[in-house]
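Values reported hereafter were calculated over all heavy atoms of this structure, with side chains retained and with hydrogens, waters and symmetry mates removed. Lettering of chains follows the sequences in order, A, B, ..., and the numbering in each one begins at 1. Predicted, not measured: the structure shown is a model, and the values here were computed from it.
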Number of protein chains: 2
Amino acid sequence: MQEMPENTLATLVQRRLRADLLRGVLPPGAKLKVQALAASYGTGPSPVREALASLTSEGLVERLDQRGFRAAPASVADFDELVRARCWLEEVVLRESLAAGDQGWEEALVLAQWRLGRLKRADAGWEEAHAAFHQALLAGCPSPTLCGMAEALREKAERFRALARRVAYPGRDVAAEHAAIAEAALARDVARAVPLLQAHYRSTASFVRAALAEA
Amino acid sequence: MQEMPENTLATLVQRRLRADLLRGVLPPGAKLKVQALAASYGTGPSPVREALASLTSEGLVERLDQRGFRAAPASVADFDELVRARCWLEEVVLRESLAAGDQGWEEALVLAQWRLGRLKRADAGWEEAHAAFHQALLAGCPSPTLCGMAEALREKAERFRALARRVAYPGRDVAAEHAAIAEAALARDVARAVPLLQAHYRSTASFVRAALAEA
DNA sequence: GCGGCGAGTTTTATCGACAAAATCCGCTTC
DNA sequence: GAAGCGGATTTTGTCGATAAAACTCGCCGC
């Protein structure tokens with residue numbers, strides 16, 4: 001075979017495929033032909049097929065029995081539903097994160113916010129820092145299950161943001177929103193932090209929705 | 001090949017595998033050897049492998065890169081975490097179900113409760129009726145995403161209940177609990193329905209936990 | 001007696017081949 | 001000109017084979 005340094009080819013392909021889906025390289029509804037993907041990733045069909053089956057369970061790929069796989073559709077209605085679900089889910093996850101977060105959680109959050117604050121939205125690494133900030137915010141929640149669900153929704157939201165290319169947020173201070181959220185979270189003020197976080201998501205959503213609709 | 005009536009073999013195997021995992025036929029931690037499963041389901045290795053990859057994303061199967069697949073572990077701690085996550089998640093799903101459920105939702109809930117009430121726990125079909133009741137309770141929630149998450153957790157909870165074989169609930173009137181939950185839900189009384197539902201889960205959990213620990 | 005080494009066996013992960021669908025495309029017909 | 005039919009082509013889903021790991025287990029030295 002080949003050298004396989006502790007990682008199986010199928011998981012590797014799955015990672016790359018997911019990245020390509022989240023970054024919009026594979027647009028919604030696109031037919032995902034196994035042979036083409038296999039050629040593009042330099043493997044046989046089997047690992048691709050396995051990866052597609054996994055991503056189907058994750059909701060990023062759709063399977064039409066006997067007609068192959070397609071990138072999951074991404075309508076504006078889907079996006080609205082996603083944002084609503086995210087607000088409702090993270091309401092409880094954030095609440096429990098504030099209730100249970102220890103000192104390590106606080107410090108990780110401060111660090112994530114500081115790292116994010118040093119970058120402008122156009123900078124390389126901003127996406128990663130932004131994801132890390134929101135992850136750190138919820139990381140105090142003692143339920144890996146709920147944290148995992150929140151992460152899955154965040155990934156899907158990032159997909160929509162990537163699909164709405166070059167979306168701008170005129171007249172908005174995103175950094176200040178993040179700072180306010182972090183401040184309320186560190187003060188363990190659920191009644192303030194939760195609405196701030198939801199408003200943050202809904203504000204982003206309105207811009208993304210507009211960019212999606214015109215595209 | 002063979003006749004394949006609109007359903008692909010891989011999805012069929014996935015369904016059967018999931019059922020076997022949920023019913024405890026494949027116990028937690030069991031090695032899932034591809035060839036053995038393929039023989040048992042009368043197929044080649046490819047569909048089995050696809051099904052296992054899917055179930056890995058669902059969290060019912062664990063993949064150890066280069067060492068194959070295993071049925072997901074199911075410790076008492078895992079169960080406790082699951083119950084906690086379920087209570088938190090369904091708190092918001094039930095709230096939104098009560099907020100948005102229409103007349104069709106009400107009628108489906110009444111019907112599901114009546115069907116469940118006609119059966120004793122030992123009767124055939126009770127499991128299905130019970131699952132249908134809890135599904136109907138939450139079905140008013142306008143977010144398919146959240147409903148799907150709740151369903152995934154319910155399936156995992158049923159797995160634990162199946163693993164704790166012959167669990168009994170002495171001194172408990174489960175039917176009355178269901179009736180009280182349905183009554184509060186139909187009255188759109190969130191403040192009453194949510195704690196009742198959570199108490200219902202936690203009560204079941206304490207019996208299941210005891211049965212798991214002694215086994 | 002016990003830990004480690006090594007040949008033999010089992011299992012995994014991947015590939016290439018092949019039959020059954022589905023899809024495409026041009027031709028006929030109304 | 002549009003609808004419908006039928007054959008060629010693509011694509012899917014599945015199988016069996018195969019190389020490389022992992023695992024087993026007995027043997028040997030200490």
Side-chain angles (χ1 to χ4, degrees), chain A residues 1-21 25-73, chain B residues 1-21 25-73:
Chain A
M1 232 173 254
Q2 284 157 292
E3 83 298 337
M4 47 187 59
E6 96 189 71
N7 260 336
T8 191
L9 242 185
T11 47
L12 220 3
V13 170
Q14 182 180 352
R15 248 194 286 283
R16 290 194 52 185
L17 242 175
R18 180 201 271 120
D20 285 348
L21 286 163
V25 177
L26 299 172
K31 260 181 309 178
L32 301 177
K33 302 184 218 179
V34 177
Q35 285 188 8
L37 291 172
S40 136
Y41 294 139
T43 76
S46 310
V48 174
R49 196 155 254 288
E50 245 175 81
L52 286 171
S54 272
L55 293 169
T56 298
S57 276
E58 284 185 44
L60 286 172
V61 170
E62 225 179 37
R63 169 166 219 166
L64 297 118
D65 269 348
Q66 223 77 13
R67 295 187 195 180
F69 300 88
R70 292 192 335 199
Chain B
M1 231 172 254
Q2 286 157 293
E3 84 297 336
M4 46 187 60
E6 94 189 71
N7 260 336
T8 190
L9 243 184
T11 48
L12 221 3
V13 170
Q14 183 180 351
R15 248 194 286 283
R16 292 193 52 185
L17 243 176
R18 181 202 270 118
D20 286 348
L21 287 163
V25 178
L26 299 172
K31 259 182 308 176
L32 301 177
K33 302 184 219 180
V34 177
Q35 284 187 9
L37 292 172
S40 137
Y41 294 141
T43 75
S46 311
V48 173
R49 196 154 253 289
E50 247 176 79
L52 286 171
S54 272
L55 293 169
T56 298
S57 277
E58 284 185 45
L60 286 171
V61 170
E62 225 178 36
R63 168 167 221 166
L64 296 115
D65 270 348
Q66 223 79 12
R67 295 185 194 184
F69 301 88
R70 291 191 337 200

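- When each of D:dT12, C:dC15, D:dA22 is scored by its nearest atom to the side-chain atoms of A:Thr43, the top-ranked nucleotide is C:dC15.
- Between D:dC23, D:dA21, C:dC15, one nucleotide has an atom nearer to the side chain of A:Leu9 than all others, and that is C:dC15.
- By the salt bridge (charged side-chain N to carboxylate O under 4.0 Å, His left out) test, B:Arg70 pairs with B:Glu62, sequence neighbours left out.
- Checking the phosphate oxygens (OP1, OP2) of C:dT12, no side-chain nitrogen or oxygen of A:Thr8 falls inside 4.0 Å.
- Projected onto DNA chain C by closest heavy-atom contact, A:Ala10 and A:Gln35 fall at different nucleotides, the more 5' of which corresponds to A:Ala10.
- How far CG of B:Leu21 is from CD of B:Gln14: 10.5 Å, rounded to the nearest 0.5 Å.
- Among residues at least two apart or in separate chains, side chain to side chain donor-acceptor pair (under 3.5 Å) pairs with a member in residues 41-53 of chain B are A:Arg49-B:Glu50, A:Glu50-B:Arg49, A:Arg63-B:Glu50, B:Asp20-B:Tyr41.
- Of the candidate nucleotides D:dT14, C:dA13, D:dT12, D:dT12 has the atom nearest to the side chain of A:Val34.
- Atom CG of A:Leu64 and atom P of D:dT11 are 16 Å apart (whole Å).
- Of the two residues contacting DNA chain D, namely B:Gly42 and B:Lys31, the nearest-nucleotide position lying further toward the 5' end is that of B:Gly42.
- For the pair A:Gln66 CD and D:dT10 C1', the computed distance is 15 Å after rounding to whole Å.
- Contact check of residues 44-55 of chain B against DNA chain C (heavy atom, cut-off under 4.0 Å) returns B:Arg49.
- Nucleotide C:dA13 holds its P atom 12 Å from the CG atom of B:Leu32, rounded to whole Å.
- Across the protein-nucleic acid pair, A:Asn7 atom CG and D:dA20 atom C1' stand 16 Å apart, rounded to whole Å.
- A:Leu26 has its side chain within reach of A:Leu17: a pair of non-hydrogen atoms, C-beta onward, lies under 4.5 Å apart.
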